[in-house]
Protein chains: 2
Amino acid sequence: MKTDIEIARESELKRIQDVGQSIGVNPDELIPYGKYMAKVPLSEMDTEGINKSNLILVTSITPTKAGIGKTTVSIGLALGLNKIGKKAVVALREPSLGPCFGMKGGAAGGGYAQVLPMENINLHFTGDFHAITSAHNTISALFDNYIYQNRSLENGIKEILWKRVLDVNDRSLRYINTGLRGSANGVPQESGFDITPASEIMAILCLATDIEDLRRRIENILLGYRYDGSMFTVKDLGVAGAITVLLKDALNPNLVQTTENTAAFIHGGPFANIAHGCNSVIATKMAMSYGDYVITEAGFGADLGAEKFFDIKCRKSGLQPKLTVVVATAQGLKMHGGVAIDEIKTKNIEGIQKGLDNLAKHVENIKSYGQSIVVAFNKYATDDAEELAIVEQYCKDNHIGFAINNAFIEGGEGAKALAEVVANTIATNPSKPLQFPYQDEDTISVKIENITKKIYGANNVEFSSAAKKKLAQLRNTAMDKFPVCIAKTQYSFSADATAYGVAKDFDIVINDIVINRGAEFIVAIAGDIMRMPGLPKSPQALRIDLVDGLIEGLS
Amino acid sequence: MKTDIEIARESELKRIQDVGQSIGVNPDELIPYGKYMAKVPLSEMDTEGINKSNLILVTSITPTKAGIGKTTVSIGLALGLNKIGKKAVVALREPSLGPCFGMKGGAAGGGYAQVLPMENINLHFTGDFHAITSAHNTISALFDNYIYQNRSLENGIKEILWKRVLDVNDRSLRYINTGLRGSANGVPQESGFDITPASEIMAILCLATDIEDLRRRIENILLGYRYDGSMFTVKDLGVAGAITVLLKDALNPNLVQTTENTAAFIHGGPFANIAHGCNSVIATKMAMSYGDYVITEAGFGADLGAEKFFDIKCRKSGLQPKLTVVVATAQGLKMHGGVAIDEIKTKNIEGIQKGLDNLAKHVENIKSYGQSIVVAFNKYATDDAEELAIVEQYCKDNHIGFAINNAFIEGGEGAKALAEVVANTIATNPSKPLQFPYQDEDTISVKIENITKKIYGANNVEFSSAAKKKLAQLRNTAMDKFPVCIAKTQYSFSADATAYGVAKDFDIVINDIVINRGAEFIVAIAGDIMRMPGLPKSPQALRIDLVDGLIEGLS
């Protein structure tokens, strides 16, 4: 089979104005970025469309390092729905440059279920992440300058909560000391960089409902505490306007097209392990303005992405998905069934059977939210028919919708069966209104307990002394009512990245608490998850090149 | 008079395709970024046009903190030339976000001589600086990862020469320690951030002739030395292809329009104090492909910008300017004539007369390159007729072309006289082929001596022990043949920012040497110039805001 980039290159792209027009977006209103990408202004949002659109979430079992193919299934399902005569639009997350040059390569789907132009989407795209990086670090510079210029201030800054971000995998920047070599160079401090997707600005952009809400949230960002214990925010710094200006264009969602020329919105937020990991509320609603069916994804396994999608994004935006698709692969199930990683491409019936426990726990969790479920078996060329039959039979026995996704190899044609099952389930048995594992009124520690016990299946949750201190600070403030975003490894229900399957009899340790007052959620750091990834020994950058004007090595 | 941003808002913009077409660029070849900005692919360059075009450099006397208005005069002159029936295009530098949010505000001209859309140009524009930041820091991450992954390597990296960049004024990032808190977080190192315009990648982008040359230069970047003394380059790191891919789009020059809808190219490189400070060779040549007269600028006073324009950009690209315009203002001359800064708006004949020494030294320097010269008196509303007459008489007495630029208030109409003088001088008395103050074969230290003595007027140049060590490393290598880029304060001929006028009887100390092997020049750090600026007590960010969807506080 051809590589992703070969398929991407051979695809005949439509002008983005024509793509917009195909779903009813006025082409004159588009803000083009080249011939095949555009931003859509917020004025094009349509409440009537949003209200009658069917939102579908795509999530997955606990993924392998290579991923389970959620983006490919999301795109494939949209293509399949369009093939069976429905008007479907896909709303995805933007890739980060970190993993693109690091371990994983790009993140624009695969095979015949891609979003295009994949080279641009995987690289600078329309500059959203750069705008977020710039806004975040401009706050850092202005805040450090405030501390520097006011260092004789009596009630100055005692505790600094704000760090910096870059969209790169750079472990050396996790912990740094700044302001060194004399007083002309600032005030010496401990600082560090997270990767841009973990920026609070990213979360704000993804949760804001409009430009005023964006500005309000930026004002609310908590930068630190003064000596008298009072909060010091971006509003106190006096630069919310300037930062809003830097994000004005980035707030508009991006329109591109699939390998079958159908419309796709791509906007904001990857990394459901260290952030909330959903695309923007605005892009989802923009897609719903024009699509009768809108397919969106949430990162990594359902314990991370789907939990945050429901508990943060849907809770706060009022979105009500009609159905959740859980993606499973034979390779992923075998890994959870105890098969060694380099053996998961080989047939192993026992491995598949054991691995179903992982699927079962995710299905149980998603059902607890009141969601209707379809399991999508994402097909690989190496898959065995008997293995597949086991998964199908399991779903049948447990009354769970099931279909095969073969869009990677066949495009929309290969996802028609999945589309039929999804459309029928929505028509006959849509999700109930969302039921959450915790309520707004619960304290932050109760919220963390409920997620870790109900969703992850932990026996106990422990808090480090640093976490306890921060939780005490939050108690009896409005911030105690925020939802919780747990940062945790994507490779296990537990915080132990090597515990595949359904990790049993484990405890979770919350090592730190990060306040995202502007994003309006509290981040709890579980185990030793890093908010700035590192590069592997042989990074993907070694294989990316420009050959005769064409990009190699992105996938 | 209206503010810059009010004038900008009231201007009726043409579609960028129409602007391109007005000078002969095929509109179908443009890569649009919104309705009013576009990138022009390198395939649209035309050698015949380049060969017959008249290149004009705009430089100035030593500037005040508010600047002398070079960009405004550059745009004004293009407007004036168009008014008198010539086909003129302006080729400028892109603004940096650092000063935009710091001291200076924007950098897109002023009054009725602006480039538009000024808000976009001053903010993210088409993402070039973000691409450069990203490429630079991706190299940093990959290099640090190489050191980390190969820390047991026998012939590993002994000396690290590569830092990081951000397009922000942040003094706290000048000197940092990275890789702290244990071996999972990299190898502890001293590092630091320069502002993006000082990135070697910026210089490479501005000096590259095409994508192959860009890639060759990226390969050549010197990252450090191994324990055996051998060089370690980006080629050795194996990622020149990946970095080229990140810069592929940024290499295309940007087309926008002036307040009078004429074409303007804006691409690369501000900061002639800490970098070579010219726009890109590619953009200059693209402008020359379509304009009979192309006006370009070089940053700060002629000691910095013009010297680097001639000695680096022209020497290496073969460009031969037909004329140099030296911008002077009454306020600037008075400052150099010893008038206190808060008095320079008041009439002071003696101050003007004394300040002419600064103009005279710049004129003498530019003449030494064989350039024909016109002095442009950049008019402010507060200027006095008698002061102006003194400058005019001085030029007459010394047989220097002279004209007033009043484009700030009147647009092109106010620069017709300047345009006539410039066009006539080019017709009757164009520049001779460039004569340089040093030759390629001179050693780096001789090159530095020649610039500091001949151009700055220093008595002596001293080298710190760190600089001496680096110079010794360069001796007998191909790098000793590179031109020199001196980083020095923009406020004086000397390295003392407070010595206005023609600083006499001064020595220059070269504190450090930075090797830009990919850009193919050697940076000499004179005095205590910082390659990462700081923010003032009251940064411009406090005054930037979004009000009713319109940006305030940019100028």
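Fair warning: this is a prediction, and the values are worked out from it, not measured in the lab. Each chain gets a letter, A, B and so on, in the order its sequence line appears, and its residues count up from 1.
In this structure, chain A has no heavy atom under 4.5 Å from any part of Ile147(B). Contacts between Asp528(A) and chain B at a heavy-atom distance below 4.5 Å are absent for every atom of the residue. Contact annotation for Phe193(B): only side-chain heavy atoms (C-beta onward) come within less than 4.5 Å of a heavy atom of chain A. Looking at Asp167(B), there are no atoms closer than 4.5 Å to chain A (heavy atoms on both sides), in backbone or side chain. With a 4.5 Å cut-off on non-hydrogen atoms, Thr138(B) touches chain A through its backbone and its side chain both. For Tyr148(B), the part lying under 4.5 angstrom from a heavy atom of chain A is the side chain only. When heavy atoms are compared at a cutoff of 4.5 Å, Met530(B) approaches chain A solely by way of its side chain, counted from C-beta outward.
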task: In sequence, state the C-alpha distance, the side-chain angles, and the governing distance for Leu246(B) and Phe101(A), and then conclude on side chain to side chain contact (heavy atoms under 4.5 Å, CB included).
output: CA-CA 10 Å; Leu246(B) 277 173; Phe101(A) 285 74; 3.5 Å; yes
task: Report the C-alpha distance between Lys248(A) and Ile551(B) in whole Å, list the side-chain angles of each, state the deciding distance to 0.1 Å, and finish with yes or no for side chain to side chain contact (heavy atoms under 4.5 Å, CB included).
output: CA-CA 10 Å; Lys248(A) 184 176 73 75; Ile551(B) 297 175; 3.7 Å; yes
- request: Decide yes or no on side chain to side chain contact (heavy atoms under 4.5 Å, CB included) for Ser134(A) and His124(B), but give the supporting numbers first.
  value: CA-CA 9 Å; Ser134(A) 180; His124(B) 308 294; 4.1 Å; yes
message: Quick one, Asn177(B) with Ile176(A), criterion side chain to side chain contact (heavy atoms under 4.5 Å, CB included). Give me CA distance, side-chain angles, the key distance, then yes/no.
response: CA-CA 5 Å; Asn177(B) 290 340; Ile176(A) 66 172; over 6 Å; no
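In this structure, Asn145(B) contributes its side chain and Asp170(A) its backbone to no donor-acceptor pair below 3.5 Å.
Between chain A and the options Val187(B), Leu166(B), Thr244(B), the largest number of non-hydrogen pairs under 4.5 Å is found for Leu166(B). Taking chain B as the reference chain and counting heavy-atom pairs below 4.5 Å, the highest number among Val547(A), Asn169(A), Asn137(A) is found for Asn137(A). Put simply, of Thr178(B), Ile31(B), Val168(B), the one with the most heavy-atom pairs under 4.5 Å next to chain A is Thr178(B).
For the side chain to side chain contact (heavy atoms under 4.5 Å, CB included) criterion with Val245(B), the lone passing option out of Asp545(A), Asn122(A), Leu546(A) is Leu546(A).
Of all heavy-atom pairs spanning Asn185(B) and Arg174(A), the tightest one is OD1-NH1, 2.9 Å. When all heavy atoms of Ala184(A) and Arg171(B) are compared, the closest pair comes out as O-CD, 3.5 Å.
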